[in-house]
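Notes for the one structure printed next.
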Amino acid sequence: MSLDAVLSRIDSDLPAATERLMELLRIPSISTDPAYTADCDHAADWLVADLTGLGIATEKRVTPGHPMVVGHLDGPGPHLLFYGHYDVQPVDPLELWDNDPFDPRIEQTPKGKVIRGRGSSDDKGQLMTFIEACRAWKAVHGSLPCKLTFFLEGEEESGSPSLVPFMEENAEELKSDLALICDTGLFESKTPAIVTMLRGLLGEELTIKGPDIDLHSGMYGGVAINPIRVLSRIIASLHDAQGRITVPGFYDGVPELPDEIEAQWQGLAFDHGTFLGDVGLSKPAGEQDRTPLEMIWSRPTCEVNGIWGGYTGDGFKTVLPSEAHAKISFRLVGTQDPLKIREAFRTMVREMLPEDCDVSFRDHGAGAASMTETSDPSFEAARQALTEEWQIPAAYVGCGGSIPIAGHFQTILGTTPMLIGFGKDDDALHSPNEKYDVESFHKGIRSWARILAALT
């Protein structure tokens with residue numbers, strides 16, 4: 001089969017492919033907000049119709065939350081599954097957007113043309129790169145080169161509560177030789193990459209309760225316990241002076257980086273000065289005996305994601321609050337057990353409480369880290385295909401983020417995941433003015449066409 005003809009078709013069809021993406025981006029499929037339930041349903045219907053138009057037997061599958069989109073196509077050769085998600089993050093604060101986040105548009109920037117809008121990079125634009133590669137392949141050859149399953153989720157941005165039960169109930173249907181995931185990015189915004197290491201994630205919310213009601217700080221200040229002071233002391237104790245995390249047993253299961261992986265990462269010549277400088281910072285703040293790439297990819301973290309209590313409105317109110325709250329997340333690596341870490345963290349907090357204070361906890365999910373072996377020849381074939389398209393040697397890299405679906409493919413389906421994406425560091429994922437480079441969209445489509453050819 002002629003790959004050149006498929007690539008030429010992709011090039012000529014780019015305006016139409018971009019308009020299809022814009023149409024999907026106009027659907028405000030915010031999964032975490034019940035006000036957008038109908039829009040999530042609409043996005044699922046849109047994808048069902050699009051895949052059905054390609055001759056793929058596709059259904060919208062009901063879950064307790066937002067629907068899954070599942071499509072199947074018989075064919076020769078290996079069985080590949082493609083995963084992406086059609087839901088998006090909320091857009092707040094809306095006033096920081098230059099334009100309506102669901103009125104996508106093409107903009108010319110100093111770094112080239114971009115598609116601006118919520119979901120353009122995470123993950124609708126990336127999801128559509130694979131679908132557009134399949135569209136071009138079928139237009140040229142009349143059929144696709146292998147057996148395919150499409151598995152598109154609508155709850156990734158809200159914790160995927162329906163995902164594991166759905167996968168367990170439909171495991172036989174979803175099993176494949178290889179699971180392709182497009183929800184990552186280029187290394188340093190230029191080098192094509194296959195992610196082989198993902199950190200796990202543990203989320204905790206705690207509330208410190210002191211007096212029964214908010215108190216006048218003049219009448220009670222000094223004699224009454226202040227929950228914010230208690231919470232501040234707990235948070236400050238979570239790291240030592242060298243950046244190590246102090247939760248008892250936290251580092252159980254954290255592996256040292258293998259020499260060959262360390263050498264490969266050093267060869268990437270990561271410029272942490274530029275990486276931090278782009279967001280107005282200069283000095284790595286993690287474990288001081290580790291390299292910046294280790295801090296991001298292969299070391300665990302503990303971060304405070306939100307803290308509040310007392311009066312935070314305009315003006316001033318001399319109140320001693322009844323409660324103080326914080327949201328804390330842990331990124332996990334190796335074989336760290338998130339449930340053991342949760343209990344160790346909660347025990348540590350309880351032991352630090354003074355008299356007259358109580359604590360309550362709310363969990364926000366727990367997922368272990370995942371690693372992928374690259375000994376399967378498919379990985380080297382895909383790496384070579386990426387290298388040919390981008391004219392830069394593709395790399396095997398880690399990822400500081402957490403993509404639980406990769407681990408679920410391994411543990412529930414027994415399927416090896418392959419994570420390839422085309423986002424850039426400055427895409428403003430989850431932030432106002434999210435964008436996706438037109439070049440990333442175009443070359444992403446071409447990359448998947450090359451990978452399909454290499455794997456089949």
Side-chain angles (χ1 to χ4, degrees), residues 21-22 24-33 35-36 39-40 43 84-129 153-160 182-190 195 198-199 201 203 272 274-282 285 295-297 301 303-308 327-329 331 364-365 399-404 421-441 444:
L21 171 57
M22 303 287 260
L24 181 58
L25 292 175
R26 293 185 185 105
I27 304 173
S29 49
I30 301 172
S31 62
T32 193
D33 188 340
Y36 295 90
D39 297 296
C40 290
H85 65 90
Y86 64 81
D87 64 318
V88 300
Q89 281 274 320
V91 297
D92 308 273
L94 186 60
E95 65 271 15
L96 296 184
W97 286 81
D98 294 334
N99 298 293
D100 183 336
F102 296 109
D103 181 18
R105 58 194 63 194
I106 304 293
E107 294 182 7
Q108 183 67 51
T109 75
K111 296 182 179 180
K113 287 184 179 181
V114 304
I115 302 165
R116 187 81 68 184
R118 174 57 91 221
S120 55
S121 180
D122 186 16
D123 180 48
K124 291 179 179 178
Q126 303 237 52
L127 178 158
M128 289 301 292
T129 57
E153 185 192 357
E155 296 180 334
E156 198 273 349
E157 300 291 11
S158 53
S160 298
C182 193
D183 196 12
T184 52
L186 306 168
F187 175 71
E188 290 196 319
S189 298
K190 62 180 184 296
V195 174
L198 287 164
R199 292 195 287 196
L201 181 61
H272 72 266
T274 298
F275 179 77
L276 291 172
D278 286 344
V279 293
L281 300 175
S282 60
M295 293 180 192
I296 299 170
W297 289 350
T301 69
E303 298 293 349
V304 181
N305 305 119
I307 180 169
W308 68 101
K327 295 178 187 287
I328 297 174
S329 64
R331 298 283 179 174
H364 286 276
C399 177
S402 303
I403 305 178
F422 310 102
K424 292 189 174 182
D425 295 339
D426 62 353
D427 279 348
L429 307 183
H430 298 192
S431 299
N433 298 314
E434 179 182 350
K435 61 90 175 168
Y436 194 34
D437 284 19
V438 171
E439 178 193 43
S440 290
F441 183 55

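No hydrogens, no waters, no symmetry mates; every other heavy atom, side chains included, goes into these values. Since the model is a prediction, treat every value here as computed from it, not as a measurement.
In terms of modelled atom types and a separation under 3.5 Å, the side chain of S31 and the main chain of E155 share no donor-acceptor contact. For D123 (side chain) and G84 (main-chain N/O), no donor-acceptor pair under 3.5 Å exists by modelled atom type. In terms of modelled atom types and a separation under 3.5 Å, the side chain of E434 and the main chain of S121 share a donor-acceptor contact. A distance-only check finds a donor-acceptor pair linking the side chain of N433 to the backbone of L96 [under 3.5 Å]. Side chain of S189 to backbone of D425: a donor-acceptor contact under 3.5 angstrom is found. Proximity of a side-chain donor or acceptor of R199 to a complementary backbone N or O of I296 within less than 3.5 Å is detected. At distances below 3.5 Å, at least one donor-acceptor pair connects side-chain atoms of S440 with backbone N or O atoms of F422.
Across all non-hydrogen atoms, the minimal contact from C399 to L198 is CB-CD2, 3.7 Å. Closest non-hydrogen pair, C40 versus S29, comes out as SG-C, 3.7 Å. Counting all heavy atoms, side chain and backbone alike, P104 lies closest to L25 at CG-CB, 3.7 Å.
With contacts defined as side-chain heavy-atom distances shorter than 4.5 Å, the pair T274/E188 does not qualify. By the 4.5 Å heavy-atom criterion applied to side chains, V91 and F102 are counted as neighbours. Here the side chains of T129 and Y436 are in contact, with some heavy-atom distance below 4.5 Å. Contact annotation: the side chain of I115 approaches that of I106 to within less than 4.5 Å [non-hydrogen atoms, C-beta and beyond]. Residues D437 and D427 have side chains in contact (heavy-atom distance under 4.5 Å, counting atoms from C-beta outward). Side-chain contact check for P90 versus T32: some heavy-atom pair is nearer than 4.5 Å.
Separating the CG atom in D87 from the CD atom in E157 is a distance of 5.5 Å, to the nearest 0.5 Å. Atom CE in M295 sits 12.0 Å away from atom OG1 in T301 (nearest 0.5 Å). Put simply, CG on L201 and CZ on R331 are 4.5 Å apart, with the number rounded to the nearest 0.5 Å. Interatomic distance, R116 CZ to R105 CZ, rounded to the nearest 0.5 Å: 10.5 Å. Atoms CG and CZ, from L429 and R118 in turn, are 8.5 Å apart once rounded to the nearest 0.5 Å. One finds the CD atom of Q126 at 9.5 Å from the OG atom of S120 (value rounded to the nearest 0.5 Å).
When the shell of 6.0 Å around CZ of F187 is examined, it contains more than 12 heavy atoms from other residues, nucleotides or ligands.
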Problem - Residue pair V88, D122: steps toward the side chain to side chain contact (heavy atoms under 4.5 Å, CB included) verdict - result: CA-CA 7 Å; V88 300; D122 186 16; over 6 Å; no

### Query
Can you check side chain to side chain contact (heavy atoms under 4.5 Å, CB included) on D103 and W97, steps first, answer last?
CA-CA 11 Å; D103 181 18; W97 286 81; over 6 Å; no

Derivation and outcome, side chain to side chain contact (heavy atoms under 4.5 Å, CB included), residues L21 and K124:
CA-CA 7 Å; L21 171 57; K124 291 179 179 178; 4.2 Å; yes

Let's go through N99 and E107 carefully: what are the C-alpha distance in whole Å and the side-chain angles of both, what is the deciding distance for side chain to side chain contact (heavy atoms under 4.5 Å, CB included) to 0.1 Å, and is it a yes or a no? CA-CA 11 Å; N99 298 293; E107 294 182 7; 3.5 Å; yes

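A salt bridge links K111 with D426: at least one charged nitrogen is closer than 4.0 Å to a carboxylate oxygen. Salt-bridge annotation for K424 and E439: present, with a side-chain N of the basic residue lying under 4.0 Å from a carboxylate O of the acidic one.
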